[in-house]
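All chains are named by letter (A, B, ...) in the order of the sequence lines, taking the proteins before the strands, and each is independently numbered beginning at 1. Nothing here was measured: the structure is a model prediction, and the numbers come from that model.
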Amino acid sequence: MKSEPEVYSIEDLKQDNTTIWDGVRNYQARNYLKQMQKGDIAFFYHSNCKMIGIVGLMTIVESNVIDRTQFDANSPYFDPKSTINNPRWHTVKVQFKEKFTEIISLNTLKEEFTSNELLVVKKGNRLSVIPIPENTAKKIILKSINK
DNA sequence: GCCAACGTTGGC
DNA sequence: GCCAACGTTGGC
């Protein structure tokens, strides 16, 4: 799950402990969010910044949460076509789990994984929520421990 | 700041 | 349903 650290970083999540992952306005990303279940683990990825890469882990603590910002006319994520009775945007609540001692940089990820194993290394990929095969996820976690 | 690689909108 | 125009993401 990507976030621009200028907007919301792993440090922010560490302080907040939990947060609603709102603001996703892409149907494919939303569909992946819908598939997430309580207890699932997700990687926190810092995008569009100097130090790009995976910075830690979070736990999904609540699934199928309605993204309230879609109803807020003052929010940049406001969706005028969404209604209370028929909301378009669902997301999840996440909890801080771990901040890696060292970032696993995008460069490292590119060296270690093909775009089949890890979509985030694929050029032009803009999805902010991306599924990761279990094998790949395990390798990434091992990497974070070895550092 | 540039631009490739998308996704979305809306006229037809 | 097609597609041009436009908007956004995000690495570089």
Minimum heavy-atom distance A:Ser82-A:Gln70, with the two atoms named: OG-OE1, 2.6 Å

Out of C:dG10, C:dG11, B:dT9, whichever nucleotide has its closest atom nearest the side chain of A:Leu106: C:dG11

Given atom CG of A:Leu127 and atom C1' of B:dA5, what is their separation to the nearest angstrom? 12 Å

Nearest-Å distance, CH2 (A:Trp89) to C1' (B:dG7)? 11 Å

When rounded to whole Å, the CE to C1' distance for the pair A:Met51 and C:dG10 reads 17 Å

Have a look at A:Lys122 and say if it touches a base, only the backbone sugar-phosphate, or nothing, with a 4.0 Å heavy-atom cut-off. nothing

How long is the line joining CZ of A:Arg25 and P of C:dT9, in whole Å? 11 Å

Taking the six-membered ring for Trp, are A:Trp21 and A:Tyr8 parallel (under 30°), tilted (30 to 60°) or perpendicular (over 60°)? perpendicular

For A:Lys123 and B:dA4, is the shortest distance between a side-chain N/O and OP1 or OP2 below 4.0 Å? no

Mind calculating the distance between CG (A:Leu118) and P (C:dG11) to the nearest angstrom? 12 Å

Are A:Met58 and A:Val61 linked, directly or through intermediate hydrophobic residues, by side-chain heavy-atom contacts shorter than 4.5 Å (ILVMFWY only)? no

Indicate yes or no: does A:Lys139 engage A:Glu112 in a salt bridge with an N to O separation below 4.0 Å. no

Rounded off to whole Å, could you give me the NE2-to-P distance for the A:His46 and C:dT9 pair? 17 Å

Return the value, rounded to whole Å, for the distance between atom CD of A:Gln28 and atom C1' of B:dT8. 14 Å

Between A:Arg126 (CZ) and C:dG11 (P), how many Å, whole number? 12 Å

Of C:dG11, B:dT9, B:dG7, the nucleotide closest to the side chain of A:Ile52 is C:dG11

Under 4.0 Å between a side-chain N/O of A:Lys2 and OP1 or OP2 of C:dT8, yes or no? no

Between A:Asn125 and A:Asn48, which is nearer to the 5' end of DNA chain B once each is assigned its nearest nucleotide? A:Asn48

C:dG11 phosphate, OP1 or OP2: any side-chain N/O from A:Tyr45 under 4.0 angstrom? yes

Electrostatic pair A:Arg88:A:Asp79 at N-O distance under 4.0 angstrom: yes

